[in-house]
**Q** 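The structure under discussion is supplied below as structure tokens; questions concerning it will follow.
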Amino acid sequence: MSDSVLLLTIFGLAMIVGFEIITKVPPTLHTPLMSGANAISGITIIGALVAAGHEQTWLTVVLGVCAIAFATINVVGGFLVTHRMLAMFRKKG
Amino acid sequence: MPAELRNVIYFVAAAMFIFGIKGLTHPRTAVRGNMLGAGGMLLAIVVTLIDKEILGWQWIILGLVLGSSIGGYLGVKIQMTAMPQLVALFNGFGGAASALVGGAVMHELISKGESITTQGAVAIAATGLIGAVTFSGSIVAFAKLQELISGKPITHLGLKAANTALTLLGLGLAVMVVMNPQAAWAYWLLVVVMLGLGVLLVLPIGGADMPVVITLLNSYSGLAACATGFVLNNIVLIIAGSLVGASGLILTRIMCVAMNRSLTNVLFGVMAEVGDAPSADEIYAGKVKATTPDEVAMLFDGARRVLIVPGYGMAVAQAQHAVRDLAGLLESRGIDVEFGIHPVAGRMPGHMNVLLAEADVPYDQLKEMDEVNSTMEQVDVVMVIGANDVVNPVARTDPSSPIAGMPIVDVDKARTVVVVKRSLSPGFAGIPNPLFAADNCLMMFGDGKKMVLELVGALKAG
């Protein structure tokens with residue numbers, strides 16, 4: 001199996017797992033689901049760290065630093081605001 | 001660090017994301033789930049920093065400090081009513097980060113003189129396509145939700161042609177990037193074209209259709225991260241990105257079903273023209289009964305079951321705390337109080353739930369539309385607060401109506417309906433609501449928060 005096919009397999013499986021789990025999220029938690037998902041999509045920060053850290057050219061550093069900043073806003077802001085929201089959900093009584 | 005160890009740790013991080021989202025399937029486990037996700041992210045970041053030959057620590061720290069301060073500020077300070085805007089903004093930042101990484105990787109490989117594989121080039125092009133359209137589309141969505149620009153739907157015949165042209169141009173440039181991966185200019189031109197497309201795609205879409213737009217862009221931001229994973233051959237990006245992509249797609253579908261409209265119709269369509277339906281004057285003339293908080297307070301004297309149906313108007317009026325007071329007061333009198341929440345009430349999925357949770361309404365009191373509809377006949381009083389189209393019975397009765405077939409909260413089937421609303425003005429669909437003229441309906445005209453507070457006052461006095 002070539003690398004591309006392997007990666008596509010992982011992609012397909014992850015989509016399936018995603019569909020299976022996320023259909024079970026109740027509507028009452030849909031907003032925290034979205035903000036939490038936002039935070040997770042900040043995973044692109046890994047690519048940004050590598051791009052900025054390699055210091056290949058000044059251009060890649062500038063692009064990398066901007067990407068780190070954007071992704072970190074997502075990660076930090078996303079997890080924080082999701083936590084704030086989830087902490088508000090309480091049961092009766 | 002050996003590559004095997006690194007990949008094992010990435011796998012652990014990916015598993016933490018999956019179990020983290022699984023935690024969100026119940027409010028009881030959700031806080032822990034979110035922390036698990038955050039832990040997975042920290043793990044992935046730390047491993048990357050240790051493993052890759054990082055030279056420019058100062059640059060990384062600059063980016064991290066900048067991002068953490070802005071993100072931390074937004075995360076702690078943002079008002080719950082502003083959640084739709086914030087999520088829109090975050091979607092955009094995710095897309096932008098991915099598009100920037102795609103470009104940075106391309107430049108790095110070119111400057112090293114390394115060849116770019118076909119997979120790499122396809123992935124880079126995909127990152128640019130999805131990332132850029134997500135960024136500009138989200139910024140426009142943010143501006144609409146923040147009311148920096150008008151939330152009204154815009155229709156212009158030229159838009160469709162322009163969108164088609166930009167899409168074709170974008171795809172053409174993507175092919176160019178794949179054919180000649182040394183052409184960095186083609187990548188950046190691609191990004192510019194897609195930025196334009198994102199603006200044109202979201203600009204025409206009206207405020208009440210925003211839930212669909214936000215969920216779709218949420219999905220895109222995940223798919224952009226996923227494409228970055230293919231650029232870097234990194235499984236944790238692919239897995240995390242596809243989880244977010246799947247989440248956004250599912251929510252988009254739920255929103256479309258809740259409006260009985262197809263995705264294409266929401267994105268490109270115009271709501272059907274109002275045909276020869278009766279005009280507002282014909283429907284309302286002489287039949288609308290206005291009421292006062294004192295009268296409504298008396299109505300509750302004999303009530304055993306009360307249902308509250310909130311809409312976007314409750315968010316605008318910031319009435320959630322007053323509504324909570326009302327519900328608490330009624331419950332203290334032995335009345336059974338529930339909330340019936342339409343899936344597209346508000347500007348994003350779950351918008352009403354978060355506002356009510358903020359006001360300390362327990363989540364088991366918040367019911368889904370289908371659940372409350374099945375027992376609507378036994379409800380003594382329904383309070384509709386700031387909702388209109390989602391309680392319009394025309395959706396059931398008139399097949400020629402623009403909202404025909406849309407599932408609604410069947411409040412008209414309850415014994416008495418009290419509608420709190422500023423005026424008889426139509427909702428987003430632009431059609432009159434025969435509910436307001438129904439025999440069992442009373443209108444309490446005024447600002448949502450003010451009227452509910454007056455009602456609470458009247459109940460306490462009575």
Side-chain angles (χ1 to χ4, degrees), chain A residues 4 7 10-11 14-15 18-19 21-25 27-31 33-38 40-41 43-44 46-53 55-57 59-61 63-83 85-86 88-92, chain B residues 17 21-22 24-25 27 30-31 34 38 41 48 52 54-56 59-60 63-64 66-68 70-72 74-75 87 90 93-94 96-98 100-101 103-104 107-108 111 119 218 221-222 225 228 232 235 237-240 242-244 246-247 250 349-350 353-354 357-358 362-364 366:
Chain A
S4 301
L7 293 179
I10 292 172
F11 169 66
M15 286 296 270
F19 278 118
I21 306 176
I22 290 148
T23 20
K24 297 195 178 72
V25 176
T28 204
L29 292 180
H30 277 169
T31 297
L33 170 66
M34 290 187 76
S35 63
N38 260 325
I40 292 179
S41 75
I43 188 70
T44 198
I46 287 182
L49 290 172
V50 177
E55 283 195 322
Q56 183 66 28
T57 65
L59 183 60
T60 59
V61 170
L63 294 172
V65 170
C66 293
I68 292 177
F70 276 128
T72 313
I73 295 176
N74 259 13
V75 171
V76 174
F79 282 122
L80 267 180
V81 84
T82 309
H83 183 81
M85 266 190 277
L86 291 174
M88 298 184 318
F89 282 86
R90 63 169 190 94
K91 214 174 153 61
K92 201 166 178 174
Chain B
F17 291 142
I21 293 186
K22 188 161 179 285
L24 287 177
T25 49
V31 173
N34 185 51
M41 185 65 72
T48 310
K52 302 284 173 182
I54 301 291
L55 302 169
W59 303 120
I60 288 181
L64 287 176
L66 208 62
S68 306
I70 301 174
L74 288 173
V87 167
F90 282 174
F93 289 170
S98 292
L100 290 169
V101 171
H107 279 289
E108 181 171 340
S111 96
Q119 179 208 317
N218 194 233
S221 79
T228 316
L232 300 167
I235 55 161
L237 266 100
I238 294 178
I239 295 175
S242 31
L243 288 175
V244 179
S247 162
I250 289 175
N353 307 66
V354 165
E358 184 201 13
Y363 62 79
D364 37 6
L366 311 177

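Keep in mind that what you see is a predicted model, and the values were worked out from it rather than measured. Every chain is numbered from 1 and lettered A, B, ... according to where its sequence line falls, protein lines coming before strand lines.
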**Q** For the backbone of B/Phe90 and the side chain of A/Asn74, can you confirm whether one donor and one acceptor N or O come within less than 3.5 Å of each other?
**A**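 Side chain of A/Asn74 to backbone of B/Phe90, a donor-acceptor pair under 3.5 Å: yes, one is there.
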**Q** Taking side-chain contact (heavy atoms from CB on, under 4.5 Å) as the definition, give me every residue that meets it alongside B/Val87, ordered by chain and number, with sequence neighbours left out.
**A** A/Met34, A/Ser35, A/Asn38, B/Met83, B/Asn91, B/Ile214, B/Met348
**Q** Could you pull out all residues at least two apart from A/Ala48 that satisfy side-chain contact (heavy atoms from CB on, under 4.5 Å)?
**A** A/Ala67, A/Ile68, B/Val101
**Q** Give the member of A/Ile10, A/Thr57, A/Thr23, A/Leu49 that has the highest number of heavy-atom pairs under 4.5 Å with chain B.
**A**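 Answer, by heavy-atom pair count under 4.5 Å with chain B: A/Leu49.
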**Q** Using atom types as modelled and distance alone, determine if a side-chain donor or acceptor of A/Thr31 lies under 3.5 Å from a backbone N or O of B/Gly350.
**A**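 Yes; judged by distance alone, with no hydrogens or angles, the pair exists.
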**Q** Please look at A/Ile46 and chain B and tell me whether the side chain, the backbone, both or neither of the residue comes under 4.5 angstrom of a heavy atom of that chain.
**A**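 Both backbone and side chain.
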**Q** Taking side chain as everything from C-beta outward and backbone as N, CA, C, O, which of these in B/Leu366 sits under 4.5 Å from a heavy atom of chain A? Side chain, backbone, both or neither.
**A** side chain
**Q** With a 4.5 angstrom heavy-atom cut-off, could you sort out which part of A/Leu33 is near chain B: side chain, backbone, both or neither?
**A** both
**Q** Step by step, work out the side-chain contact (heavy atoms from CB on, under 4.5 Å) result for B/Phe17 and A/Ile43.
**A** CA-CA 10 Å; B/Phe17 291 142; A/Ile43 188 70; 3.9 Å; yes
**Q** Where on B/Thr228 is there a heavy atom nearer than 4.5 Å to chain A: the side chain, the backbone, both, or neither?
**A**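 The side chain, not the backbone.
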**Q** Tell me which of these, B/Met41, B/Glu358, B/Gln119, B/Lys22, has more heavy-atom pairs under 4.5 Å with chain A than the rest.
**A** B/Met41
**Q** When rounded to the nearest 0.5 angstrom, what is the spacing between CG in A/Leu29 and CG in B/Asn34?
**A** 11.0 Å
**Q** Below 4.5 Å, heavy-atom pairs only: which of A/Val75, A/Thr82, A/Thr28, A/Leu80 has the largest tally toward chain B?
**A**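 Option with the greatest count: A/Thr28.
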